Visitor: 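Sending over a structure as structure tokens; questions will come in a sec.
We name chains A, B, ... by the order of the sequence lines, and we start the count at 1 in each one. Just so it is clear, the structure is predicted and the values come from calculations on it, not from any experiment.
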There are 2 protein chains.
Amino acid sequence: MKKHKDLIALLRHNQQRITPARRFLLQFFIDNPAKRLSLPEIQAHLQDKLPGINRSSIYRNLEMLKQLSVIQELGVPGQGKRYQFVFEQQVHHFIICKACGKVVKGNRNLFEKVEKALKEIHDFQKANLSVTFYGFCSKCQAVEAG
Amino acid sequence: MKKHKDLIALLRHNQQRITPARRFLLQFFIDNPAKRLSLPEIQAHLQDKLPGINRSSIYRNLEMLKQLSVIQELGVPGQGKRYQFVFEQQVHHFIICKACGKVVKGNRNLFEKVEKALKEIHDFQKANLSVTFYGFCSKCQAVEAG
DNA sequence: CCATATAATGCAACATGATGCAATTAAAAC
DNA sequence: GTTTTAATTGCATCATGTTGCATTATATGG
């Protein structure tokens, strides 16, 4: 409940109106903080609460939440785009294996090293979200070599 | 000419057949090594050489070249996907400003730091391509703060 | 050079995402 | 509570990618 209120406040603070669609969407992310949700999943859920809700409204609201760094969008190869709740969560990067598709959460140490390098070398800041690395995990490196 | 032959060899080595579409596509990338090409640009060019060439063939060939690390795909906000030649080029990351959309090539130092961190911390390798950072460049940081 | 196996293409249909505009609804002002 | 006004929504349409399948073309082996 607290997070819901905080998020409503965040939206208001950014001159965003509070609509039923937005309430349900926020709650859905709050209730699934660990999941990487696909659009069909989100749409199916909202359809329950608000029959007839339009695809484009969902896309527009996801875009808005992305802008406010409430959610993060990530492209999982072969699975389309996914959306994950990141508001007041421990921030991290994602690392995706190009061979087996495994998604790993980068740890704090990696995050800080990358952050520091971006700041020091290119004077880029707040590059904390929406970063996804693609490579080969240790298991698939072995397979590739063999 | 040399690069063209090298690339043809690379394709053959990976059990890929050499078709007219692939030759023209490769040559187009060779001739525009610095450009971040959009699909419409690529399609328009190929249309000249091979009238009636189909969208899906281009997509499939771009996907194949991505797999072979001949090209890199990057999503520029507000401009859709772009494709850049990276074969035998100096490898680097891209840094994109979320505010002004400016695309910056990350330098060698950044690349090595990130590479090292990924290897040491998560045992991920060859994570050299397809990495795009989104953040705020120094100019837009100032604007945001003001 | 010709026959064969199989990969690439074109095509049609579908999936996903974006956009302009009229109708609706949230918020603010009275 | 009613009115006002501006943002959000739904809808239609378009743009961009993806996929299954029949057709075509490349590579290979005789």
Visitor: Closest nucleotide of DNA chain C for Leu50(B) versus for Arg55(B): which of these residues is on the 5' side?
Guide: Leu50(B)
Visitor: Would you classify Glu63(A) as touching base, sugar-phosphate or nothing, given that sugar-phosphate means primed atoms plus P, OP1 and OP2, and contacts are heavy atoms under 4.0 Å?
Guide: nothing
Visitor: Which distance, rounded to the nearest 0.5 Å, do you find between the OH of Tyr83(B) and the CD of Gln72(B)?
Guide: 12.0 Å
Visitor: Of all of residues 17-27 of chain B, which get a heavy atom below 4.0 angstrom from DNA chain C, listed by number?
Guide: Arg17(B), Thr19(B), Ala21(B), Arg22(B)
Visitor: So does Asn109(B) get a backbone contact from the side chain of Glu112(B), meaning a donor-acceptor N/O pair under 3.5 Å?
Guide: no
Visitor: Calculate the interatomic distance between Met64(B) atom CE and dT26(D) atom P; express it in whole Å.
Guide: 14 Å
Visitor: Separation of Arg82(A) atom CZ from dG17(C) atom P, in whole Å?
Guide: 11 Å
Visitor: Roughly, in whole Å, what's the span from NE2 in His13(B) to P in dA27(D)?
Guide: 16 Å
Visitor: Could you pick out which residue, Gln16(B) or Ser56(B), lies toward the 5' side of DNA chain D when each is mapped onto its nearest nucleotide?
Guide: Ser56(B)
Visitor: Expressed in angstrom and rounded to an integer, what is the separation of Glu73(B) atom CD from dT18(D) atom C1'?
Guide: 13 Å
Visitor: Less than 4.0 angstrom between a side-chain N/O of Tyr59(B) and OP1 or OP2 of dG17(D), yes or no?
Guide: yes
Visitor: By side-chain hydrogen bond (donor to acceptor under 3.5 Å, both in side chains), which residues pair with Gln47(A), not counting sequence neighbours?
Guide: none
Visitor: Whole-Å distance between dA27(D) C1' and Ile8(B) CD1?
Guide: 14 Å
Visitor: Can you identify which nucleotide, out of dT16(C), dG17(D), dC11(C), has its nearest atom closest to the Lys81(B) side chain?
Guide: dG17(D)
Visitor: May I ask you to verify if any side-chain N or O of Asn61(B) is less than 4.0 angstrom from the OP1 or OP2 atom of dT9(C)?
Guide: yes
Visitor: Under 3.5 Å, side chain of Asn107(A) to main-chain N/O of Leu110(A), donor-acceptor pair present?
Guide: yes
Visitor: With side chain to side chain contact (heavy atoms under 4.5 Å, CB included) as the criterion, how do Tyr59(B) and Leu39(B) come out once you've worked through the C-alpha distance, each side chain's angles and the decisive distance to 0.1 Å?
Guide: CA-CA 8 Å; Tyr59(B) 278 118; Leu39(B) 191 105; 3.5 Å; yes
Visitor: Let's see if you can work this out: which of dC11(D), dG17(C), dG17(D) has an atom nearest to the side-chain heavy atoms of Leu39(B)?
Guide: dG17(D)
Visitor: Give the C-alpha distance, both sets of side-chain angles, the deciding distance and a yes or no for side chain to side chain donor-acceptor pair (under 3.5 Å) between Arg22(B) and Gln16(B).
Guide: CA-CA 10 Å; Arg22(B) 290 176 173 186; Gln16(B) 298 297 320; 3.3 Å; yes
Visitor: Rounded to whole angstrom units, what separation is found between the NZ atom of Lys66(B) and the C1' atom of dT18(D)?
Guide: 12 Å
Visitor: Checking the side chain of Gln15(A) only, and the main-chain atoms of His13(A) only, is there a donor and an acceptor separated by less than 3.5 Å?
Guide: yes
Visitor: dT18(D) P sits how many Å from Asn54(B) CG, rounded?
Guide: 14 Å
Visitor: Rounding to a whole Å, what distance do you find between Leu46(B):CG and dG10(C):C1'?
Guide: 15 Å
Visitor: Is a donor-acceptor pair below 3.5 Å formed from side chain Arg60(A) to base dG10(D), judging by atom type as modelled?
Guide: yes
